[in-house]
Amino acid sequence: MPELTDVEGFRKVLASCARGRRIDQVEVYETGVLHGVSARRLRSELEGRTFREPERHGKWLLARTDGPTVLLHFGMTGGLLCCDPRDERAPHDRITFTLGRDRQLRYRDQRKLKGLWLADDAAVARTLEAQGPDAAAVGRDEFDAALARRRGTVKSGLTDQSVLAGIGNLLADEILWRARLHPARQARDLTEGERRRLHTDMRRVLRSSMKADCVPPRRSWLTGHRDDADPTCPRCGTGLHRDRVAGRGTVWCPNCQPPPS
DNA sequence: GCATATGTTATGAA
DNA sequence: TTTCATAACATATG
């Protein structure tokens, strides 16, 4: 699931569930999601600490404490839940943080593609250095500059986390459809007007998606049609095309999004 | 068995 | 140096 919008939802879960609360107990059920830290050290570094205001950059969630920061990445199937410690554990609950008598934060992940890192401020900075500006915060000029110097397709530019942080496969298709740009257009070939439109529509898509904590599968959106057996464009009724662009399954409207010439 | 899945990264090639 | 496709990672589903 997790793109910027989903991770922003997890940030809200973390803030409302855990901010200001003391970590009484850390339980590791699957060490495969730990990176560069043992279960023993994770426990000893975090138990007794208090969660502070969490932050997000792109698809990274920064769980700040009064000690080290827990960096979380959710891969394709990860999530963060606020539970009661007495709730039955789900098969894919990998790490739990018990916060007092009636709260437990759970990192749940089926595929274990990513996971948790324990980081001091310098390590946090190193991780974020590799990331482009956050897609939900980037201004038009910076967005413009990043795309104008980018070679390759506009879709690969949007989804490259070192160019722009937070856009995944679903969001990229939705944004390009909204801006009426074919995903295989060369980023450098976009006119200034097209880049401006792309920035505006990206902000629109992100704002609506962040309200829903996901890319909403509404029937008025591309995402609401992409899994149909015979999908059509909600704007013009034309049959949608599907192919591989930038290495990912990509859906677009051949009428609204004219191919590169 | 095959292909697919909202993510990242190592690898080799263009 | 950048960008591309591909495979790999681990798991589920159609």
Side-chain angles (χ1 to χ4, degrees), chain A residues 1-11 29-36 56-61 71-80 90-95 107-117 126-132 134-136 145-178 183-189 202 205-206 208-210 212-218 221-231 240 242-252 260:
Chain A
M1 275 185 274
E3 304 183 70
L4 179 156
T5 51
D6 308 81
V7 180
E8 179 60 18
F10 302 146
R11 191 193 61 76
Y29 297 97
E30 168 58 64
T31 54
V33 299
L34 292 182
H35 299 269
R56 178 194 60 75
H57 186 96
K59 300 173 189 172
W60 283 101
L61 183 59
L71 288 174
L72 299 103
H73 197 293
F74 299 92
M76 297 255 271
T77 52
L80 204 58
H92 301 117
D93 285 342
R94 309 301 190 182
I95 312 271
Y107 179 80
R108 185 173 292 177
D109 188 20
Q110 174 191 107
R111 284 169 67 177
K112 301 181 283 180
L113 289 171
K114 288 286 154 179
L116 282 72
W117 286 251
R126 280 197 299 278
T127 298
L128 295 188
E129 248 170 43
Q131 299 280 301
D134 185 81
L147 277 187
R149 79 171 86 94
R150 172 81 187 183
R151 279 174 291 161
T153 63
V154 62
K155 171 145 181 179
S156 77
L158 286 180
T159 54
D160 186 331
Q161 302 301 298
S162 68
V163 174
L164 195 63
I167 306 292
N169 197 41
L170 228 52
L171 272 174
D173 284 3
E174 190 67 48
I175 291 163
L176 289 165
W177 174 79
R178 182 87 73 108
R185 291 277 300 278
Q186 292 294 300
R188 287 201 293 192
D189 293 347
M202 177 179 77
V205 168
L206 288 176
S208 302
S209 299
M210 283 165 80
D213 295 335
C214 65
V215 190
R218 291 180 199 142
W221 287 43
L222 181 75
T223 302
H225 293 256
R226 64 182 296 146
D227 295 327
D228 292 357
D230 197 8
L240 296 173
R242 172 181 283 277
D243 204 348
R244 205 153 277 274
V245 177
R248 307 299 305 274
T250 301
V251 175
W252 72 92

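In what follows, chains carry the letters A, B, and so on, assigned in the order in which the sequence lines appear, proteins first and then strands, with residues in each chain numbered from 1.
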Between B/dG1 and C/dA8 - P atom distance, rounded Å: 15 Å
Can A/Arg11 and A/Glu8 be counted as an ion pair, charged N to O under 4.0 angstrom? yes
Taking C-beta and beyond as the side chain, do A/Leu158 and A/Leu171 meet within less than 4.5 Å on heavy atoms? no
Please tabulate, one pair per line, each protein N/O and nucleotide N/O from nucleotides 7-12 of chain C that are separated by under 3.5 Å, including the distance.
residue	atom	partner	partner atom	Å
C/dA10	O4'	A/Arg111	O	3.0
C/dA10	N1	A/Arg111	NE	3.0
C/dA10	N1	A/Arg111	NH2	2.4
C/dA10	N3	A/Arg111	NE	2.9
C/dT11	OP1	A/Lys112	NZ	2.8
C/dA12	O4'	A/Gln110	OE1	3.3

Among residues at least two apart in sequence or on other chains, which ones pass side-chain hydrogen bond (donor to acceptor under 3.5 Å, both in side chains) with A/Lys114? none
Sequence neighbours excluded, which residues qualify as ring-ring contact (aromatic ring centres under 6.0 Å, His included) partners of A/Trp60? A/His73, A/Trp117
With sequence neighbours left out, what residues match A/Arg226 under salt bridge (Lys or Arg N to Asp or Glu O under 4.0 Å)? A/Asp173
Separation of A/Arg248 atom CZ from B/dG7 atom C1', in whole Å? 6 Å
Is there a donor-acceptor pair under 3.5 Å between the side chain of A/Asp134 and the backbone N or O of A/Gly58? yes
What pairs of nitrogen or oxygen atoms, one from the protein and one from nucleotides 3-6 of chain C, lie under 3.5 Å apart?
residue	atom	partner	partner atom	Å
C/dT3	OP1	A/Arg151	N	3.1
C/dT3	OP2	A/Arg150	NH1	3.3
C/dC4	OP1	A/Thr153	N	3.2
C/dC4	OP2	A/Ser156	OG	3.2

Closest-nucleotide mapping onto DNA chain B: is A/Trp60 or A/Gly249 further toward the 5' terminus? I mean the 5' end. A/Gly249
Closest heavy-atom pair and its distance - A/Gln161, A/Gly166: OE1-N, 2.8 Å
Take atom CZ of A/Arg242 and atom P of B/dA3, then tell me their distance rounded to the nearest Å. 15 Å
Filtered N/O pairs between nucleotides 10-14 of chain B and protein, under 3.5 Å:
none

Does the side chain of A/Glu3 reach to within under 4.5 Å of the side chain of A/Asn169, using non-hydrogen atoms? no
Counting only heavy atoms not in A/Arg218 (residues, nucleotides, ligands), do more than 12 fall under 6.0 Å from its CZ? yes
Residue set satisfying salt bridge (Lys or Arg N to Asp or Glu O under 4.0 Å) with A/Asp93, at least two apart, ordered chain then number -> A/Arg106, A/Arg108
What integer number of Å spans the P atoms of C/dA5 and B/dT4? 15 Å
Output field dot_bracket for DNA chain B (Watson-Crick or G-U, both distances under 3.5 Å, | for other-strand pairs) contains .||||.||||||||
Output the residues of residues 164-174 of chain A in contact with DNA chain C, where contact means a heavy atom of the residue under 4.0 Å from an atom of the strand; sort by number or write none. none
Any side-chain heavy-atom pair of A/Leu222 and A/Leu176 under 4.5 Å: no
Taking only the P atom of each, what is the distance from C/dT1 to B/dT8 in whole angstrom? 24 Å
Residues which pass salt bridge (Lys or Arg N to Asp or Glu O under 4.0 Å) with A/Asp228, listed by chain and number, not counting sequence neighbours: A/Arg219
A/Asp243 versus A/Thr250, side-chain donor and acceptor atoms under 3.5 Å: no
Tell me every residue that passes ring-ring contact (aromatic ring centres under 6.0 Å, His included) with A/Tyr107, counting only those two or more places apart in sequence or in another chain. A/Phe74
Non-neighbouring partners of A/Arg94 that pass salt bridge (Lys or Arg N to Asp or Glu O under 4.0 Å), sequence neighbours left out: none
Could you tell me which non-hydrogen atom of A/Pro2 sits nearest to which non-hydrogen atom of A/Val7, and how far apart they are? CB-CG2, 4.1 Å
